[in-house]
Amino acid sequence: MSKFIKPSLLAAAAALSLATSGAHAVSFNFYQSKNLNNLVDTNSAVVKVNSGGIGLALSAVSNSSGAKVAQRWDGIGVDTGLLDAGDLNSGVLGSDTLLLTFNQTVSLGSIGFSSWDKGLFGVGADKVSITTGGKTYNLSLNDGKSPLTTFSLGSLGLQGTSFLIQAQGASSSFRLANLNVTAVPEAGTAAMLGLGLLGVAVVARRQSRKA
């Protein structure tokens with residue numbers, strides 16, 4: 001076998017590396033209990049963050065036309081004005097919703113909330129729904145460990161570029177604390193992966209014959 005790696009093999013390996021680099025898991029953390037400068041809500045029309053090359057924009061959806069994204073040390077909520085506490089609330093006047101928009105297709109692996117209340121025997125427990133791709137999934141009564149409650153969502157296969165996080169029930173009140181997502185390779189990237197694998201196999205076979 002040749003002592004030197006041929007350019008064709010290097011090209012195939014490069015294609016393989018480029019294809020596989022698109023799939024990686026990243027975390028978005030909005031819970032900062034040690035940030036003493038973030039004790040009061042900062043309200044914005046849109047909050048934009050980036051983690052590991054994945055961009056995320058958070059915006060508020062509410063019955064109130066003046067709804068804003070509320071952000072402080074314990075996470076992200078929605079402020080509709082007046083005496084609203086800024087959490088993701090639900091009640092007779094409607095339910096607050098956060099719209100999460102990513103700059104690429106992702107798979108939602110887990111989601112965490114702060115101030116999550118299990119209630120007494122399930123009564124008065126916080127509830128939330130996640131909607132993406134026209135499908136809605138309801139989460140409630142997790143094993144909530146104070147101060148954060150995390151739901152593992154990997155088995156649900158939630159994929160998309162946008163997700164609606166909505167408070168449900170009669171009196172839910174909580175905040176989005178964290179997210180874990182994995183980038184989903186686009187169709188073109190998957191095709192590149194296949195070509196890269198094929199190229200590596202062909203070149204390796206030719207070199208083995210010449211050895």
Asks: Is there side-chain contact between Leu98 and Ile76, with at least one heavy-atom pair below 4.5 Å?
Replies: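 Counting from C-beta outward, Leu98 and Ile76 do come under 4.5 Å.
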Asks: Taking atom types as modelled and ignoring hydrogens, do the side chains of Ser27 and Asn180 form a donor-acceptor contact shorter than 3.5 angstrom?
Replies: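 Side chains of Ser27 and Asn180: pair found under 3.5 Å.
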Asks: Any side-chain heavy atom of Leu179 within less than 4.5 Å of one from Leu108?
Replies: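 Side-chain contact under 4.5 Å: yes.
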Asks: Do Thr136 and Thr131 meet the criterion of a side-chain donor-acceptor pair at a distance under 3.5 Å?
Replies: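 Present: a donor and an acceptor within the cut-off.
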Asks: With heavy-atom distances below 4.5 Å as the criterion, would you say the side chains of Thr80 and Lys68 are in contact?
Replies: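 They are not in contact (no side-chain heavy atoms under 4.5 Å apart), so the answer is no.
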Asks: Would you say the side chains of Asn178 and Asn29 form a donor-acceptor pair under 3.5 Å?
Replies: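 No.
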Asks: Do Leu139 and Leu153 come close enough that some side-chain heavy atom pair is under 4.5 Å?
Replies: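 Leu139 vs Leu153: side chains touch.
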Asks: For side-chain hydrogen bond (donor to acceptor under 3.5 Å, both in side chains), just list the numbers for Ser114 and Asp74, CA-CA rounded to whole Å, side-chain angles, deciding distance to a tenth of an Å, and then say yes or no.
Replies: CA-CA 6 Å; Ser114 64; Asp74 55 347; 4.6 Å; no
Asks: Has the side chain of Asn35 got a donor or acceptor atom that lies under 3.5 Å from a matching backbone atom of Asn37?
Replies: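 Yes; judged by distance alone, with no hydrogens or angles, the pair exists.
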Asks: Do Thr97 and Val78 touch side chain to side chain, with heavy atoms closer than 4.5 Å?
Replies: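 No, every pair of side-chain atoms sits at 4.5 Å or beyond.
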Asks: I'd like to check Ile130 versus Leu164 (side-chain heavy atoms, cut-off strictly below 4.5 Å). Are they in contact?
Replies: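 With C-beta onward as the side chain, the pair stays apart.
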Asks: Under 6.0 Å between the ring centres of Trp116 and Phe151?
Replies: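 So the answer is yes for these two rings.
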Asks: Check the side chains of Gln168 and Ser129 for a donor-acceptor pair under 3.5 angstrom, ignoring hydrogens and angles.
Replies: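 There is such a pair between these side chains.
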Asks: Hey, are the side chains of Leu99 and Leu58 touching, using non-hydrogen atoms and a 4.5 Å cut-off?
Replies: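 A side-chain contact is absent here, since even the closest heavy-atom pair is not under 4.5 Å.
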Asks: Could Asp117 and Lys127 be called an ion pair, given the rule that one side-chain N must be under 4.0 Å from one carboxylate O?
Replies: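 Salt bridge absent between Asp117 and Lys127.
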Asks: Check whether any side-chain heavy atom of Phe163 sits under 4.5 Å from a side-chain heavy atom of Leu56, and report yes or no.
Replies: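 When only atoms from C-beta onward are counted, Leu56 and Phe163 do not touch, as no gap falls below 4.5 Å.
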